[in-house]
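First comes the structure, then the notes that go with it.
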Amino acid sequence: MRFSKYHLAVLALIGTNIIWGASIPIFRWSLESIPPFTFAFLRFFLASLILLPLTLHRLKITKHDAVSLFVLAVIGFFFHIGLLLFGLTTSSSVNSSVIATAAPIFLITSSIFFYKENVRTRIILGTVISLLGVAIIILRPIIDEGLDGTILGNLLFLLSTLTFVGYTLLLKNYVTHLRSVTVTFYLFAYATVIFFPFFLMESSQHHILSLLNEQAIIGIVFGAIFTSIFGYLFYNFGVKHIKASEIGVFLYVDPLVTVLVAVPLLHENITPAFLTGAFFVFLGIYVAEKRIHYHPFHKLFRGT
């Protein structure tokens, strides 16, 4: 079978979401040893250094592109990653993954708003149902254990998901004329600069070298090489060649991988309230899209 750019984009997005699904529990595990901003700074600093030799001859961009990439870095890295990491310090990784699975609904409704598409009743109904599921997961600590700080973490996951949707929509329109490797390097470099002042702030409170134990190093290296370099290279490439409304399908892979990693690594529990919330999230997606794809591999057999 000959792979077109569309088919390669499908493979890229499948790979991305397998990597990102595994990343969430690994990050939560590492954050037990290292502060969030320090983790983010070291991750993107290392990723930038690794990617730099591959982009030295492709660094020339216009001022307009430089500004666009900086905006993308603020939204897609500082806010999206920052909110996610802080959420992981107080809530479980499986919560994050299922809440993020509601992103297809936000992508569809945002596409309707930005591209002036007709709003269908099923999309509105599906959105409401999915948001009900998200609300159940966010409020799960009250249902399971009573009021605690986990709710704040879940709310941060929701905000992180919304900023990721904004990043995806802007990426689709801002820099599709640039090579994926160039876009990815600049985003990492900007993220490194943005997180640096907060890294210094945390460094004044902790001895960084004492925090770099095996647990922290594994998370940073995995985050730099797999989650950052491979993940964003694949994702940025996929977004360039697939419709915005179809990108959300690939997010269904995330929670399956997250659960497979989180249960043995973090011993996180899958409670009835969590399963109820997850059911409503997927039901809402089914109502809105008229289908549920537990995996998007069928797209490999679709023509371009």
Side-chain angles (χ1 to χ4, degrees), residues 15-16 18-56 73-74 76-97 100 149-150 152-153 156-157 160 163-164 181 184-235 254 257-258 260-268:
T16 295
I18 290 174
I19 291 170
W20 286 355
S23 298
I24 302 302
I26 292 173
F27 288 173
R28 189 179 191 279
W29 178 66
S30 292
L31 289 170
E32 295 174 359
S33 302
I34 191 168
F37 285 130
T38 300
F39 179 89
F41 169 77
L42 293 176
R43 167 191 168 185
F44 291 116
F45 177 66
L46 178 59
S48 300
L49 289 180
I50 295 172
L51 208 55
L52 180 59
L54 303 177
T55 55
L56 279 175
V74 171
F77 288 78
F78 179 69
F79 285 110
H80 168 55
I81 301 298
L83 290 167
L84 171 64
L85 293 177
F86 271 99
L88 287 173
T89 62
T90 60
S91 187
S92 69
S93 60
V94 294
N95 285 2
S96 167
S97 189
T150 306
L152 174 60
L156 292 177
F157 292 153
S160 175
T163 56
F164 180 75
V181 67
T184 304
F185 170 77
Y186 272 103
L187 289 174
F188 291 169
Y190 281 139
T192 301
V193 172
I194 293 168
F195 280 117
F196 182 65
F198 300 94
F199 161 71
L200 291 179
M201 178 183 67
E202 288 180 343
S203 298
S204 66
Q205 302 170 2
H206 305 277
H207 295 291
I208 299 303
L209 291 179
S210 66
L211 299 176
L212 293 178
N213 57 20
E214 181 181 2
Q215 194 169 341
I217 292 172
I218 289 174
I220 292 168
V221 173
F222 184 91
I225 296 175
F226 291 98
T227 313
S228 297
I229 294 178
F230 287 111
Y232 279 95
L233 276 175
F234 291 169
Y235 188 76
D254 278 29
V257 178
T258 298
L260 289 174
V261 177
V263 171
L265 180 65
L266 301 171
H267 307 291
E268 292 184 359

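Each residue takes its place number in the sequence, starting with 1.
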*Gap between atom CH2 of Trp29 and atom CD1 of Ile218 - 0.5 Å precision*: 4.0 Å

_Taking CZ in Phe45 as the centre, count heavy atoms belonging to other residues, nucleotides or ligands within less than 6.0 Å. Is the count above 12?_
no

*Would the number of heavy atoms belonging to other residues, nucleotides or ligands and lying under 6.0 Å from CD of Gln205 be above 12?*
yes

*Decide yes or no for Leu84 and Leu156: does some side-chain heavy atom of the first lie under 4.5 Å from some side-chain heavy atom of the second?*
no

_Tell me whether the rings of Phe195 and Phe78 are parallel (<30°), tilted (30 to 60°) or perpendicular (>60°)._
tilted

*When you check the side-chain N and O atoms of Gln215 and Ser30, is any donor under 3.5 Å from an acceptor?*
no

*Compare every heavy atom of Leu211 with every heavy atom of Ala216, then report the nearest pair and how far apart it is.*
CB-O, 3.5 Å

*asked:* Would you compute the distance between atom CZ of Phe230 and atom OG1 of Thr16 and round it to the nearest 0.5 angstrom?
replied: 11.0 Å

_Please tell me whether Tyr232 and Phe226 form a close aromatic pair, meaning their ring centres lie under 6.0 Å apart._
no

*Is there a side-chain contact between Leu266 and Val261, using heavy atoms and a 4.5 Å cut-off?*
no

*Indicate whether any N or O donor in one side chain lies under 3.5 Å from an N or O acceptor in the other, for Thr258 and Asp254.*
no

*Measure the shortest side-chain to side-chain distance between Ile229 and Phe188 over non-hydrogen atoms and say whether it is less than 4.5 angstrom.*
yes

*Out of curiosity, Ile34 CD1 to Asn213 CG, how far, rounded to the nearest 0.5 Å?*
8.0 Å

*With Phe27 as reference, evaluate Trp20, Phe86, Phe39 under the ring-ring contact (aromatic ring centres under 6.0 Å, His included) test and give the passing residue.*
Phe39

*Would you give the length of the straight line joining atom CG of Leu83 to atom CZ of Phe157, rounded to the nearest 0.5 angstrom?*
10.5 Å

*asked:* Between Arg28 and Ser91, is there a side-chain heavy-atom distance shorter than 4.5 Å?
replied: no

*Do Thr90 and Thr150 have side chains that get closer than 4.5 Å, going by heavy atoms?*
no

*Specify the closest pair of heavy atoms between Ile19 and Ser23, including all atoms of both residues, with the distance to one decimal.*
O-OG, 2.7 Å

*Roughly how far apart are Ser228 OG and Leu51 CG, rounded to 0.5 Å?*
10.0 Å

*Ser93 versus Glu268: any side-chain heavy-atom pair under 4.5 Å?*
yes

*Do Pro36 and Thr89 have side-chain heavy atoms sitting under 4.5 Å apart?*
yes

_Within the 6.0 Å centroid threshold, strictly below: Phe198 and Phe41_ = no

*Rounded to the nearest 0.5 Å, how far does CD1 of Ile220 lie from CD1 of Ile26?*
13.0 Å

